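Because the structure is a prediction, the values reported are computed rather than measured. Counting starts at 1 for both ligands and their atoms, in listed order. Numbers here are sequence positions counted from 1.
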Amino acid sequence: DMGGHDTYMHKEISEQPEAVDRVLRGRIDDRFSTVHLGGLNLDAREARGIRRVKILGCGTSYHAGQIGAQMIEELARIPADAEPASEFRYRDPVVDPDTLYVAVSQSGETYDVLAAVQELKRKGARVLGVVNVVGSAIARETDGGVYVHAGPEVCVVSTKCFTNTVVAFGLLALHLGRIRDLSVADGKRIIEGLRKLPAQITEILKTEDEIKALAEQYTDAKSMLFIGRVRGYPVAREASLKLKEVSYIHAEAYPASELKHGPLALIEPAMPTVAIVPDDDLLEKNRAALEEIKARSGKILAVAHQIQEKADHTIVVPKNEDELDPILMGIPLQLFAYHTALALGRDIDKPRNLAKSVTVE
Ligand code: F6R
């Protein structure tokens, strides 16, 4: 049942305010400025002993894990990174007892992620899951974890589950942070930010007509570049994946800082750039990247907290706490991918050659 929407993708994008509300519900503890994650199975002593966090997933879940790693580093000050589960599995990984491994999956059935979990467990590691489907294979194999509570996702391309997974990582990062050195004041600040998300997502969804009109101006592109820096880079990667999956327009994501090291050669009027430009301490650096692109006659669509003069178009999104901004900045680009695909007449809910859950190697 699409509930009045023409596609599941549109329905699922639209459901995000309620979905985010669900992942937060019952977990916030205002008294101690922290969150409780019932199924984590990680006591305070264990949480203090973690030296590294390694996040494993595929596709969109891997991108959510990249944002998660950034949040864990920022809020809990534990070195963290994300890696595609299959890459990890095939390189005979060194498994370290002081590393917390986190497997991320919407379906909970992705073979490469499941196989990585099994390999880690064979080697004696502690593995948590950040999973959407309750009781799925990865949820059962892991030692504990955080359910994402996005609700069923039918469209092959993931949207609401991506957003909820990133919020779930925000909760995990806050939880680990408060057990370690994150101050009460910072805990409060993040909690207030989390609480604002559903209303801010609603605000973004209200600009759909504007995003649709913009998307229709980019349908001629053969290829698009997506750029971002630090917090913005995984947002760019996910937005690039979304566009290519549903519209079949080639898209490539790069850290903005890498432009000079190669991709600037591609810039010309027929190669538009989508730039993630949060209003944080890297704003000036990002603006400089826009200038370099403009100087080479590149067309720019910015996703930012304020209008960017160097950009041809800016989608303005509401500001949250710096650490949580990536959650919001991806949402207009889901709509951008959707409306590009719609204008091109694509089979949005079932893109060619893709399956919802990849249970083979
Ligand atoms: C992209 C997409 C895929 C999945 C990937 C992992 O929109 O849906 O890239 O994210 O196949 O699937 P899960 O999260 O079920 O493990």
Identify the closest protein heavy atom to [atom]: which residue and atom is it, and at what distance?
| atom | value |
| --- | --- |
| atom 6 (C) of ligand 1 | C58 O, 3.4 Å |
| atom 12 (O) of ligand 1 | T110 OG1, 3.5 Å |
| atom 11 (O) of ligand 1 | V358 CG2, 4.2 Å |
| atom 10 (O) of ligand 1 | T60 N, 3.1 Å |

Legend entry - Pair F162 and H63, ring centroids less than 6.0 Å apart: no
Legend entry - Between F336 and Y218, ring centroids under 6.0 Å: yes
Inset, instruction - Give a yes or no answer on whether the side chain of N41 reaches the backbone of D143 with a donor-acceptor pair at less than 3.5 Å. - result: yes
Inset, instruction - Would you check whether K242 reaches within less than 4.0 Å of ligand 1, judged by its heavy atoms? - result: yes
Legend entry - Per-atom contacts of ligand 1 with V156, taking only distances under 4.0 Å to non-hydrogen atoms: 8 (O)
Inset, instruction - Output the list of atoms in ligand 1 that are nearer than 4.0 Å to some heavy atom of S61, sorted by atom number. - result: 10 (O), 13 (P), 14 (O)
How about [X] and [Y]: does a side-chain donor come under 3.5 Å of a side-chain acceptor?
| X | Y | answer |
| --- | --- | --- |
| E153 | S158 | yes |
| E208 | H339 | yes |
| E238 | T60 | yes |

Legend entry - For E323, the option from R189, R231, Q70 that meets side-chain hydrogen bond (donor to acceptor under 3.5 Å, both in side chains): R189
Legend entry - Option whose closest heavy atom lies nearest to atom 2 (C) of ligand 1, chosen from Q106, M9, E245: E245
Legend entry - Nearest neighbour of atom 15 (O) of ligand 1 from the list S107, G57, A103, G59, on a heavy-atom basis: S107
